Amino acid sequence: MTEIDPRELRNCFGKFATGITVITALAPDGTKIGLTVNSFSSLSLDPPMILWSLDLKSNSVDALKASPHFAVNVLASDQMEASNNFASPSDEKFVGVDLIHSDYNLPLLSETVAYLECKNVGQYKGGDHLIFIGEVVNFKINDKKPLLYANGQYAVAARHPGTKQADPGIRAKTSNDDFIIPLLLRSFWELSDPFYQELLDAGIPVAHARILVHLNHSPKLTTKEVAEAIRVDMASVAMSVSWLCDAGHLTKLDDDRLIMSEPGQALLDDVQCRAERFEQEVLDGYTPDEIVMLKSMLRKLIYRKEV
Ligand SMILES: Cc1cc2nc3c(=O)[nH]c(=O)nc-3n(C[C@H](O)[C@H](O)[C@H](O)COP(=O)(O)O)c2cc1C
């Protein structure tokens, strides 16, 4: 048998993504018990049962063994602080914590994704842990996103982009709405129209902004090369370049290559500041994971020929 390295084994267990719960109960002397647990699992539908396991070294072993009921509080994505609080060995875990009413006199945390009140029906020793079996006597679900734990880190849930079904909240209105090109075009217009209008209102024509952004990425291009890169006709780009040169934003070298000057850089900084703020507004309400996934999918489409 290969030797098992406990630290590696812990890392291996951590590859299995879970939600996070706080198990709460009342000790026989009335003290509130609470600890963060991700070993929770559903066990049976009929009868309704769940399980979780407790480290035998935990301070709460005796109280939980003796408690006739316990609650499983399923944490929401905005309850990372609660998870850290109840994962500490402190005596003051419940100080300042909002609780809601329980018919079973259990400390129920407020604002969770769900809770299950359980009858403590069995305990079984499993190595250095004690497996608790609970029979569900009451439960409630709230409309929030769960907090997740994977690879030793907190995470949030997002629908996998590979899943076929569209977000049920945003189904395709027509079959045309399901093709990638109209979807990309429509989303581009939805975002670019108000942003380009904002630039125009600030006295920055879009063509000027696009030329500066491009020259920032690829300095010293000629007017013709810029026109090809940003896919705008040569005559329009030449007009914008001439305006940018007259205004002192660009300098044209003898070989027709364009250099950005200090005022040009300042104008570009202004455009980029506005773009960052606009992006924050547009993506408000998306989770960090959704944003990373959206950008990664778009990059995959852009660079698909290079993969
Ligand atoms: C994400 C996470 C998951 C945890 N899962 C468990 C678990 O399933 N069982 C357990 O006994 N401890 C688990 N712990 C550790 C306990 O929360 C921690 O040891 C806590 O201090 C125990 O409290 P107590 O000693 O007051 O009982 C977990 C901690 C974290 C951060």
Side-chain angles (χ1 to χ4, degrees), residues 4 6-44 49-97 99 105-118 120-136 139 144-158 287-289:
I4 300 282
R7 195 179 299 176
E8 272 302 295
L9 182 62
R10 184 188 281 262
N11 291 343
C12 178
F13 287 166
K15 293 287 172 195
F16 181 62
T18 67
I20 299 197
T21 69
V22 172
I23 304 291
T24 52
L26 218 52
D29 65 357
T31 311
K32 293 186 195 79
I33 306 293
L35 77 151
T36 302
V37 156
N38 72 337
S39 53
F40 166 80
S41 178
S42 56
L43 175 62
S44 159
M49 293 171 100
I50 59 95
L51 63 82
W52 62 279
S53 62
L54 175 66
D55 190 333
L56 285 166
K57 293 191 293 297
S58 158
N59 298 322
S60 317
V61 173
D62 291 339
L64 279 161
K65 271 180 162 171
S67 177
H69 290 90
F70 58 77
V72 181
N73 301 268
V74 185
L75 295 188
S77 56
D78 57 358
Q79 292 187 306
M80 219 165 67
E81 219 177 284
S83 171
N84 290 334
N85 174 36
F86 284 100
S88 69
S90 155
D91 286 340
E92 304 195 330
K93 294 183 193 179
F94 284 90
V95 174
V97 172
L99 299 175
N105 206 17
L106 290 165
L108 289 180
L109 306 189
S110 68
E111 302 296 322
T112 54
V113 173
Y115 65 75
L116 301 110
E117 292 179 282
C118 301
N120 196 351
V121 291
Q123 293 135 32
Y124 303 88
K125 197 159 175 279
D128 56 7
H129 276 60
L130 198 58
I131 303 162
F132 279 77
I133 311 279
E135 186 182 329
V136 181
F139 71 95
K144 290 185 82 176
K145 286 197 169 187
L147 179 62
L148 302 186
Y149 199 68
N151 267 336
Q153 286 179 339
Y154 292 115
V156 287
T287 67
D289 275 12

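From a predicted model like this one, the values you see are computed outputs, not experimental measurements. First listed ligand is number 1; within each ligand, the first listed atom is number 1. One is the number of the first residue; the rest follow in order along the sequence. Computation of the quantities below employed the complete heavy-atom set of this structure, encompassing side-chain atoms and omitting hydrogens, waters and symmetry-equivalent molecules.
Put simply, no part of Lys57 is less than 4.0 Å from ligand 1, judged by heavy atoms. For Phe86, the closest heavy-atom approach to ligand 1 falls below 4.0 Å.
Here is the list of ligand 1 atoms found below 4.0 Å of a heavy atom in Leu35: 22 (C), 23 (O). Residue Pro89 has at least one heavy-atom neighbour below 4.0 Å for each of these atoms of ligand 1: 21 (O). When each atom of ligand 1 is checked for a heavy atom of Leu54 under 4.0 Å away, the hits are 11 (O). Contact atoms of ligand 1 toward Lys93: 23 (O), 24 (P), 26 (O) (distance under 4.0 Å to a heavy atom of the residue).
Counting only distance, with no hydrogens or angles, the side chain of Thr21 and the backbone of Ile23 share no donor-acceptor pair below 3.5 Å. Panel note: side chain Lys32, backbone Pro107; no donor-acceptor pair is recorded below 3.5 Å. For Asn73 (side chain) and Tyr115 (main-chain N/O), no donor-acceptor pair under 3.5 Å exists by modelled atom type. Checking side-chain atoms of Lys144 against main-chain N and O of Glu111 turns up a donor-acceptor pair under 3.5 Å.
Looking from atom 11 (O) of ligand 1 to the surrounding protein, the closest heavy atom is Asp55 N, 2.7 Å. With hydrogens left out, the protein atom closest to atom 9 (N) of ligand 1 is Ser53 O, 2.9 Å, a heavy atom. Nearest protein heavy-atom neighbour of atom 25 (O) of ligand 1: Asn59 N, 3.1 Å. Annotation: atom 27 (O) of ligand 1 to nearest protein heavy atom, Ser60 OG, 2.3 Å. Atom 8 (O) of ligand 1 has Ser39 OG, 2.6 Å as its closest protein atom, hydrogens excluded (heavy atom only).
A distance of 10.0 Å separates OG in Ser88 from CG in Leu35, rounded to the nearest 0.5 Å. Leu147 contributes atom CG, which lies 7.0 Å from atom OG of Ser77 (distance to the nearest 0.5 angstrom). Rounding to the nearest 0.5 angstrom, the gap separating the CZ atom in Phe13 from the CG atom in Asn38 is 11.0 Å. Asn120 contributes atom CG, which lies 11.0 Å from atom CD of Glu135 (distance to the nearest 0.5 angstrom).
With distances taken over non-hydrogen atoms, the option nearest atom 2 (C) of ligand 1 out of Thr36, Ile23, Asn85, Val22 is Thr36.
For the pair Asn38 and ligand 1, the shortest N or O to N or O distance falls below 3.5 Å. Residue Ala87 has at least one nitrogen or oxygen atom sitting less than 3.5 Å from a nitrogen or oxygen atom of ligand 1, judged on distance alone. Polar contact check, Tyr149 against ligand 1: no nitrogen or oxygen pair lies under 3.5 Å apart.
For the side chain to side chain contact (heavy atoms under 4.5 Å, CB included) with Val97, the lone residue among Asn85, Val22, Thr24 that qualifies is Asn85. Remark: of the listed residues Tyr124, Phe40, Phe70, Phe70 is the sole one forming a ring pair (Phe, Tyr, Trp, His ring centres under 6.0 Å) with Trp52.
With a 4.0 Å cut-off on non-hydrogen atoms, Ser90 does not touch ligand 1 at all. With a heavy-atom cut-off of 4.0 Å, Ser83 does not touch ligand 1 at all.
Counting only N and O atoms by type, the side chains of Thr31 and Asp29 include a donor and acceptor under 3.5 Å apart.
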